[in-house]
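A quick write-up on the structure given underneath.
Labels below follow one simple rule: chain letters A, B, ... track the order of the sequence lines, proteins then strands, and each chain is numbered from 1.
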There are 2 protein chains.
Amino acid sequence: MTATPMNEPIMDLVAAKERGFTLDDCPVRDVLDKLSGKWATLLLFELHIGPKRFGVLRRSVPDISQRMLTQTLRTLERDGFISRTVKPTKPPSVEYALTDMGASFMPLIAEIVAWADQNHEQIRLMRRTFDAVE
Amino acid sequence: MTATPMNEPIMDLVAAKERGFTLDDCPVRDVLDKLSGKWATLLLFELHIGPKRFGVLRRSVPDISQRMLTQTLRTLERDGFISRTVKPTKPPSVEYALTDMGASFMPLIAEIVAWADQNHEQIRLMRRTFDAVE
DNA sequence: CTGTATCCCTCCTGATACTG
DNA sequence: CAGTATCAGGAGGGATACAG
């Protein structure tokens, strides 16, 4: 309702903006774009429990298509969030695991999850109220 | 590189998943979908500095089209992140401001920004390395 | 000043089938 | 088992013009 006082982390945000990044150049978007995909955070979460093979991941997230599983894993690997290790077994198996950088990102997701958990009731209420007026 | 040990916040995430939300029903997606839009977080940030009128917002984020500005503000208002107040001035003016709930979400964005700030160099390096191999 | 309405186009996503 | 290829649908986003 009111303007909240500036705090330390937000100052970082101001700094980031004033450092003059363009929209395509903005480091924040590099991260936000990871969150935005439908499956990225879910897969990061699965791998945070522990390293998993391709097939195991597919069974852990049954709604994902094989195409999107491959594609999302590739993107996360490209950006260094996860590692991909081919093991020369008889039918070759591939294991995916969180990198240190990927792991360092998980607490942020966890905080968002906790926040969502506390606020989703109110959000849905607001939404229904808003829609009722229109 | 290694599987990180489970910590408290992540347990919340596990709990959220095991509480059996479907993909469309998941409260976490309610929040993540806000972050995912191209403009939502940018506008939240602008309003975190202080309440702003429509025209001021448009000038603050010059790259946004009028259509997307209206649309994004409407979505954020609908979910209770921001408030919209019409002031009966001569040419009517509309002021947008963060709600308490919206303000409580800002520290999370700030942490992501800080993380992005620390890691975007490495992410870009990983990306170039990955692309070079292919 | 603050929006709405319309058109268009790209990207994300899913379904299916196929390969080493 | 792990991955690629192809096709199709829909949402997100931009440009422009118009309205209260």
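Relative ring orientation between Phe105(B) and Phe81(B) is described as perpendicular, the plane-to-plane angle rising above 60° on a 0-90° scale split at 30° and 60°.
Residues Phe130(B) and Met126(B) are members of separate hydrophobic clusters, defined by side-chain heavy-atom contacts under 4.5 angstrom among Ile, Leu, Val, Met, Phe, Trp and Tyr. Clustering ILVMFWY residues whenever any of their side-chain heavy atoms sit less than 4.5 angstrom apart, transitively, puts Leu42(B) in a cluster other than the one holding Val56(B). There is a path of hydrophobic side-chain contacts, each under 4.5 Å, that joins Trp39(A) to Val94(A).
Whole-Å rounding puts the Arg74(B) CZ to dT4(C) C1' distance at 10 Å. For the pair Lys34(A) NZ and dC12(C) C1', the computed distance is 14 Å after rounding to whole Å.
Note: Thr72(A) OG1 to Lys34(A) NZ = 11.5 Å, rounded to the nearest 0.5 Å. Interatomic distance, Leu43(B) CG to His48(B) NE2, rounded to the nearest 0.5 Å: 14.5 Å.
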Between the protein and nucleotides 13-19 of chain C, are there any N/O to N/O pairs under 3.5 Å, and if so, what are the atom names and distances?
from    : atom 1 : to       : atom 2 : distance (Å)
dT13(C) : OP1    : Lys38(A) : N      : 3.0
dT13(C) : O4     : Arg67(A) : NH2    : 3.4
dG14(C) : OP1    : Lys38(A) : NZ     : 3.1
dG14(C) : OP2    : Trp39(A) : NE1    : 2.8
dG14(C) : N7     : Arg67(A) : NH1    : 3.3
dG14(C) : O6     : Arg67(A) : NE     : 3.3

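First and last contacting nucleotides of DNA chain D toward chain A (any atom under 4.0 angstrom from a heavy atom, 5' to 3' order): dC1(D) to dT6(D).
The side-chain hydrogen bond (donor to acceptor under 3.5 Å, both in side chains) test applied to Ser36(A) returns no partner, not counting sequence neighbours. Scanning for side-chain hydrogen bond (donor to acceptor under 3.5 Å, both in side chains) contacts around Lys52(A) gives an empty result, with sequence neighbours left out. Residues passing the side-chain hydrogen bond (donor to acceptor under 3.5 Å, both in side chains) test with Arg84(A) are Tyr96(A), sequence neighbours excluded.
Here the closest non-hydrogen pair linking Leu108(A) and Glu111(B) is CD2-OE1, 3.7 Å.
Each end of the helix from dC1(C)-dG20(D) to dG20(C)-dC1(D) yields a helix axis from five base pairs, and these two axes differ in direction by 40° (to the nearest 10 degrees).
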